[in-house]
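Encoded as structure tokens, the structure appears first; notes follow it.
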Amino acid sequence: MSRIVLGVAGGIAAYKACEVLRRLSEGGHEVTVVPTANALAFVGETTWAALSGRPVATSVFETVHEVPHVRIGQSADLVLVAPATADLLARAASGRADDLLTNVLLTARCPVLMVPAMHTEMWQHPATVANVATLRERGVVVLDPAHGRLTGADSGPGRLPEPVDIVAVATSLLDHPGTVEAVRTRDLAGRRVVVSAGGTHEALDPVRFLGNASSGKQGMALARAAALRGASVTLVAAHVSAPLPSGMEVVRVSSTAELADAMTAAAASADAIVMAAAPADFTPAQPSPGKIKKDSDSGLSVAFVQTTDVLARLSHHRPRRQVIVGFAAETAADPAELVELGRAKLARKGCDLLVCNNVSGGAVFGADSTTVTIVDASGVVGEATGDKSVVAHHIWDAVSEKLQKGSNR
Ligand code: CTP
């Protein structure tokens, strides 16, 4: 359990912070809400107290004997400000201490995550741009706002990102401290990355298909994490059972053949490719053009042919130097066997990194967390357990290291 301070500034997106709070509390975190006076004009103290199950700290002059303006910041594992308005960013950048939240920001020694939300004009104003640059220079993680509909009829950059995305970033910062530095320095800036996600559907006839239980969560977490670290991301999404991320190019595909085409096209300009999708290994040799009818009592036999191994094809026909990552679900008796199987598959597929998952206890599809061992040709280069957004950053750490070395070996 971590101690999180949720700072809420006075913007209409404050209502979305309720969902952020609910998710953090359900995740088992102890959340202290510190709303500004203006935030309370949008969402009242009662709501924050009920959702957090804790007293709400609103003023430096309450419970003064407990020195809240120092204690709250000092004892936090993470300070998350959502929404961070233009005014809050300005006050934080200039080191003001004119209310409880800015006091907390000055006393916190833990990671600080700010999630701006405001009108496009305010976000793009040179004053705000300079304030964000100052905060980032000092190590604060400031997310870019999402594009979309703002209050009123206008739209553009300025929307608060989705609560689920905010919580994923918060979780990564808490569980994998290296993320703070990677996000702050944008270690993937200037890199083009392509990530595949989800399970394919192979058509039997116009209404039936052969599919699999992949949720696409790990691939989408990888795409989000790469965007956060500054990469230009293309997500090739097959069938997924969770919301698609925003702020990146998304190419939708259905079958393994479509996935192979989309990946080959996107790979031409990619610096890194991650095959997190679960493509079918077999597809019906001759899908029926019409709906297959029941014929008296007879059963149904379908001949299958093998699909393209996309990962192997991309690895063996590289248009440029790239870091290519595959996934492998293996049934191994112990960690040593998992690494052995992984290295053999890595060699077979020709990729540079393989993310191995031991499914001998039964494959768990659609879960939010996982355990992986990351191998390259020389052996284990990383291990991670936790939320898929955290595991995603461990995978990018390994990719980033290879990219920085200028070598995929
Ligand atoms: N993969 C692919 N194209 C396919 C099938 C799989 O690119 N037609 C990729 C997956 O996205 C994943 C990796 O290959 O990154 C793992 O594939 P896996 O099914 O474990 O490998 P196989 O070669 O099928 O090995 P096994 O015989 O152990 O199932």
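As the structure lists them, so they are numbered: ligands from 1, and atoms in each ligand from 1. This structure is a prediction, so every number in the text was calculated from the model and none was measured.
At most 12 heavy atoms of other shown residues, nucleotides or ligands fall within 6.0 angstrom of atom CE in Met122. Annotation: Tyr15, atom OH; neighbour count of heavy atoms from other residues, nucleotides and ligands within 6.0 Å does not exceed 12. Enclosure of atom CZ in Arg22 by more than 12 non-hydrogen atoms of other residues, nucleotides or ligands within 6.0 angstrom is indicated.
The option from Val310, Thr308, Thr331 that lies nearest to atom 8 (N) of ligand 1, judged by heavy atoms, is Thr308. Of the listed residues (Glu330, Lys345, Arg348, Met275), the one carrying the non-hydrogen atom nearest atom 18 (P) of ligand 1 is Lys345.
At under 3.5 Å, a nitrogen or oxygen of Phe327, whether backbone or side chain, sits near a nitrogen or oxygen of ligand 1. Of the N or O atoms in Ala277, one or more lie within a sub-3.5 Å distance of an N or O in ligand 1.
Using a 4.0 Å heavy-atom cutoff, Lys349 is listed among the residues neighbouring ligand 1.
Nearest heavy atoms, Ala277 versus Ala197: CB-N, 3.7 Å.
Between Arg313 and Asp309, none of the side-chain N atoms (NZ, or NE/NH1/NH2) sits under 4.0 Å from a carboxylate O, so this pair counts as no salt bridge.
Protein heavy atom nearest atom 7 (O) of ligand 1, with residue, atom name and distance: Leu311 N, 2.7 Å. In terms of protein heavy atoms, atom 19 (O) of ligand 1 is closest to Asp281 OD2, 4.0 Å.
Heavy-atom contacts of Asp309 reach the following atoms of ligand 1: 2 (C), 3 (N), 4 (C), 7 (O), 8 (N) (cutoff under 4.0 Å). Under a 4.0 Å criterion applied to the non-hydrogen atoms of Gly326, ligand 1 contributes the atoms 15 (O).
Atoms CG and NE2, from Asp387 and His176 in turn, are 13.0 Å apart once rounded to the nearest 0.5 Å.
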Just distance, no hydrogens or angles: give the donor-acceptor pairs under 3.5 Å from side chains in residues 5-12, sequence neighbours left out.
none

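The part of Thr307 lying near ligand 1 is the side chain, judged by heavy-atom distances below 4.0 Å. At a heavy-atom distance under 4.0 Å, only backbone atoms of Ala280 (N, CA, C or O) approach ligand 1.
When the ring pair (Phe, Tyr, Trp, His ring centres under 6.0 Å) test is applied to His393, no partner is found at least two apart in sequence or on another chain.
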